[in-house]
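Report on the structure given below.
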Amino acid sequence: MQFFDTHAHIGLIYDDPIEQLRVIQQARQAGVHRIVSINNSLHDFKKVYPNIKAIPGVYHAVGVAPSEVMAPGRDWIQTIEESLTLPNVVAVGETGLDYCKQFGSQRLQMEMFITQLEIAEKHGLPVIIHNRDAGKDVFDVLKERIPSAGAILHCYSENAGYAKKCLEAGLNVYFSFAGNLTYRNARNLHETVLNIPHDRILIETESPFMIPAEFRERKRTMPAYLPSTAKFLAEMLEVPLEDLSRQLWTNSCKIFNLPE
């Protein structure tokens, strides 16, 4: 079996390039053969990308997260567009809206979000979306501006009704679940995975956050822990893990336009 971690902040697990390589090696030993490396800021992208750009099976997204809305960087739009031409960059993101913390005005977040959706459309790439306490606005924007290549609602946190609304609206969205899916009290996530098509499900580690229940004594999540979430998901869906792993791999390759 092989697994695809669609969202891992490798640079937040370790700063040291050698340790970053070790994280990727450990993931591969655990059956995680592809990883999308995520950074919240362009500064971090420029730090992490050179360290791991040549590693087979490691891909990259570039964008500006809501947390960076007050300081996205000089010429940030041009920087994103230039970075999208680099090898193995497969998505724009993460971007989106976060109304939980005081990262800046909702207006500024919205402007930055829409700009990155337009960039994704221009370059024919999917977008990776951060949504925290902003579900209505995220939906309303996507309904009008979702890129043709689709979108990933990463670390999905809404309920089954929200997912149903997205699908009924015809949005080309995928729902990505992290280690918090394995928590007993994550009933909204459990209900969601039981009520959406299997071909729209992705999994991620959101490393170093969202530690799966099996590893709750650890300090940080690693891409190597992804099979734990996959196993939990397979048991919930009552399908063989091997069958689910194939489906998740196909889904991940499809949204990122990669060969299987």
Side-chain angles (χ1 to χ4, degrees), residues 3-13 32 34-41 44-45 48 58-68 89-101 103 109 112-113 116-117 119-120 125-135 137-139 141-142 146-147 149-160 162-163 166-167 171-183 186 188-189 192-193 196 199-212 221-223 225-226 229-230 233 248-249 251-258:
F3 298 96
F4 195 135
D5 186 351
T6 62
H7 197 108
H9 294 267
I10 294 173
L12 293 182
I13 304 174
V32 181
R34 285 181 176 174
I35 301 170
V36 175
S37 172
I38 306 289
N39 296 279
N40 286 342
S41 72
D44 289 344
F45 174 81
V48 175
V58 177
Y59 301 91
H60 306 268
V62 60
V64 181
S67 58
E68 312 302 311
V89 175
V90 295
V92 173
E94 66 182 89
T95 181
L97 301 172
D98 192 319
Y99 296 166
C100 179
K101 297 185 178 181
F103 289 133
Q109 286 194 38
M112 181 174 287
F113 181 30
Q116 291 179 85
L117 291 174
I119 292 172
L125 292 173
V127 65
I128 298 170
I129 296 175
H130 173 108
N131 165 26
R132 195 168 183 190
D133 294 349
D137 283 355
V138 167
F139 175 80
V141 171
L142 288 181
I146 187 170
I152 297 170
L153 297 177
H154 111 85
C155 197
Y156 188 78
S157 60
E158 299 284 348
N159 58 24
Y162 188 89
C166 290
L167 295 172
L171 300 183
N172 180 20
V173 293
Y174 288 72
F175 307 92
S176 184
F177 298 91
N180 57 333
L181 177 70
T182 68
Y183 303 167
N188 62 319
L189 306 185
T192 301
V193 297
I196 59 176
D199 63 1
R200 294 296 186 99
I201 299 175
L202 307 174
I203 57 173
E204 61 177 89
T205 56
E206 172 70 320
S207 302
F209 314 108
M210 298 296 176
I211 301 175
T221 307
M222 304 285 190
Y225 300 169
L226 188 69
T229 301
L233 180 59
L248 294 173
W249 183 270
N251 298 349
S252 303
C253 293
K254 184 176 181 180
I255 186 61
F256 291 118
N257 193 28
L258 295 170

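Owing to the predicted nature of the structure, the values given are computational and were not obtained by experimental measurement. Just the heavy atoms: all of them, side chains too, but no hydrogens, waters or symmetry mates, feed the values below.
- Proximity of a side-chain donor or acceptor of D98 to a complementary backbone N or O of C100 within less than 3.5 Å is detected.
- One finds the CD1 atom of I10 at 5.0 Å from the CD1 atom of I35 (value rounded to the nearest 0.5 Å).
- Annotation: side chain of N251 is not in contact with side chain of F4 (no heavy-atom distance under 4.5 Å).
- No side-chain heavy atom of I255 sits less than 4.5 Å from a side-chain heavy atom of T6.
- How far CG of L171 is from CD1 of I146: 5.0 Å, rounded to the nearest 0.5 Å.
- For R200 (side chain) and V173 (main-chain N/O), a donor-acceptor pair under 3.5 Å exists by modelled atom type.
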Legend entry - Step-by-step side-chain contact (heavy atoms from CB on, under 4.5 Å) determination, N131 to Y162: CA-CA 12 Å; N131 165 26; Y162 188 89; 4.2 Å; yes

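- For the pair P147 and L117, the minimum side-chain heavy-atom distance is below 4.5 Å.
- Within the 3.5 Å criterion, the main-chain N or O of F209 finds a donor-acceptor partner in the side chain of T221.
- Here the CG atom belonging to D5 is positioned 12.5 Å from the CE atom belonging to M222, to the nearest 0.5 angstrom.
- Remark: L226 CG to S207 OG distance equals 8.5 Å, nearest 0.5 Å.
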Inset, instruction - Output, in order, the C-alpha distance, side-chain angles, deciding distance and verdict of side-chain contact (heavy atoms from CB on, under 4.5 Å) for N257 and V90. - result: CA-CA 8 Å; N257 193 28; V90 295; over 6 Å; no

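- Shown here are the side chain to side chain donor-acceptor pair (under 3.5 Å) partners of Y99, two or more places apart in sequence or in another chain: D137.
- In this structure N180 satisfies the side chain to side chain donor-acceptor pair (under 3.5 Å) test with no other residue, sequence neighbours excluded.
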Inset, instruction - Could you give me the CA-CA distance, side-chain angles and deciding distance for N40 and E68, then say whether side-chain contact (heavy atoms from CB on, under 4.5 Å) is met? - result: CA-CA 7 Å; N40 286 342; E68 312 302 311; 4.3 Å; yes

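- S37 has its side chain within reach of N39: a pair of non-hydrogen atoms, C-beta onward, lies under 4.5 Å apart.
- Counting only heavy atoms from C-beta outward, the side chains of K101 and R132 approach each other to under 4.5 Å.
- Residues V36 and S252 are not in side-chain contact: their nearest non-hydrogen atoms beyond the backbone lie 4.5 Å or more apart.
- Heavy-atom minimum distance, P208 versus L12: CD-CB, 3.6 Å.
- With sequence neighbours excluded, no residue forms a ring pair (Phe, Tyr, Trp, His ring centres under 6.0 Å) with F3.
- Judged purely by atom type and a 3.5 angstrom limit, E94 has no side-chain atom pairing as donor or acceptor with the backbone of I38.
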Legend entry - Residue pair R34, F256: steps toward the side-chain contact (heavy atoms from CB on, under 4.5 Å) verdict: CA-CA 11 Å; R34 285 181 176 174; F256 291 118; over 6 Å; no

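- In this structure, the side chains of T229 and T205 stay at 4.5 Å or more apart for every pair of heavy atoms.
- Exactly one of H154, E206, E204 qualifies for a side-chain hydrogen bond (donor to acceptor under 3.5 Å, both in side chains) with S176. That residue is E204.
- By the 4.5 Å heavy-atom criterion applied to side chains, V193 and Y156 are not counted as neighbours.
- The CD1 atom of I201 sits 5.5 Å away from the CG atom of L233 when rounded to the nearest 0.5 Å.
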